[in-house]
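Working notes for the structure below.
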Amino acid sequence: MITIAAAGTAVLLGLAIGAFVQRQSRPYLLVVAAIAALFGRSAVAGITIVGLFSQAEHHLLEHGLDVILVALVIAAVYHSRTISNETNLDT
């Protein structure tokens, strides 16, 4: 299951990078970083199964990546809403 999750996330990460290359905006970059954090969670799980991380390290890293992921998504939404509001005020 971890391999499938990592493969699916890698595809999403590739699509997000493609969208960022096309749009080249900060919210797209933040979404790329958030999906990279999601991919990192799969990597941490795989590394834990191999035995390189203890359970304590695994939980610390995964929950840390969860916090980073949520912060990046909130930052992307906030930035998009701020830019949208600024644009509406100019017209």
Side-chain angles (χ1 to χ4, degrees):
M1 288 307 289
I2 293 170
T3 304
I4 293 169
T9 307
V11 169
L12 284 174
L13 183 57
L15 292 170
I17 290 169
F20 170 70
V21 167
Q22 243 183 355
R23 297 291 179 147
Q24 294 189 1
S25 70
R26 186 170 293 146
Y28 279 82
L29 178 61
L30 293 169
V31 169
V32 167
I35 295 173
L38 187 61
F39 180 75
R41 290 189 79 236
S42 296
V44 167
I47 291 169
T48 302
I49 287 177
V50 174
L52 297 176
F53 288 148
S54 69
Q55 287 297 319
E57 292 168 329
H58 164 83
H59 286 293
L60 178 66
L61 289 170
E62 278 203 342
H63 291 304
L65 287 168
D66 288 339
V67 170
I68 290 168
L69 188 149
V70 169
L72 289 165
V73 170
I74 290 170
V77 170
Y78 177 78
H79 189 273
S80 293
R81 300 283 292 173
T82 303
I83 296 298
S84 175
N85 288 341
E86 289 174 5
T87 304
N88 288 340
L89 291 175
D90 291 339
T91 57

Is there a path of hydrophobic side-chain contacts, each under 4.5 Å between heavy atoms of I, L, V, M, F, W or Y residues, that connects [X] with [Y]?
{"X": "Ile17", "Y": "Ile35", "result": "yes"}
{"X": "Ile2", "Y": "Val44", "result": "no"}
{"X": "Leu38", "Y": "Met1", "result": "no"}
{"X": "Phe53", "Y": "Val50", "result": "yes"}
{"X": "Tyr28", "Y": "Val21", "result": "yes"}

How long is the straight-line distance from [atom2] of [Y] back to [atom1] of [X], given to the nearest 0.5 Å?
{"X": "Arg26", "Y": "Leu29", "atom1": "CZ", "atom2": "CG", "answer": "8.5 Å"}
{"X": "Ile4", "Y": "Thr9", "atom1": "CD1", "atom2": "OG1", "answer": "11.5 Å"}
{"X": "Glu62", "Y": "Glu57", "atom1": "CD", "atom2": "CD", "answer": "12.5 Å"}
{"X": "Ile47", "Y": "Leu61", "atom1": "CD1", "atom2": "CG", "answer": "8.5 Å"}
{"X": "Leu30", "Y": "Phe20", "atom1": "CG", "atom2": "CZ", "answer": "9.5 Å"}
{"X": "Ile49", "Y": "His58", "atom1": "CD1", "atom2": "NE2", "answer": "8.5 Å"}

- Is there a side-chain contact between Val31 and Val73, using heavy atoms and a 4.5 Å cut-off?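 Side chain of Val31 against side chain of Val73, heavy atoms only: no contact under 4.5 Å found.
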- Message: With a 4.5 Å cut-off on side-chain heavy atoms, are Leu15 and Val11 touching?
- Response: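 They are in side-chain contact.
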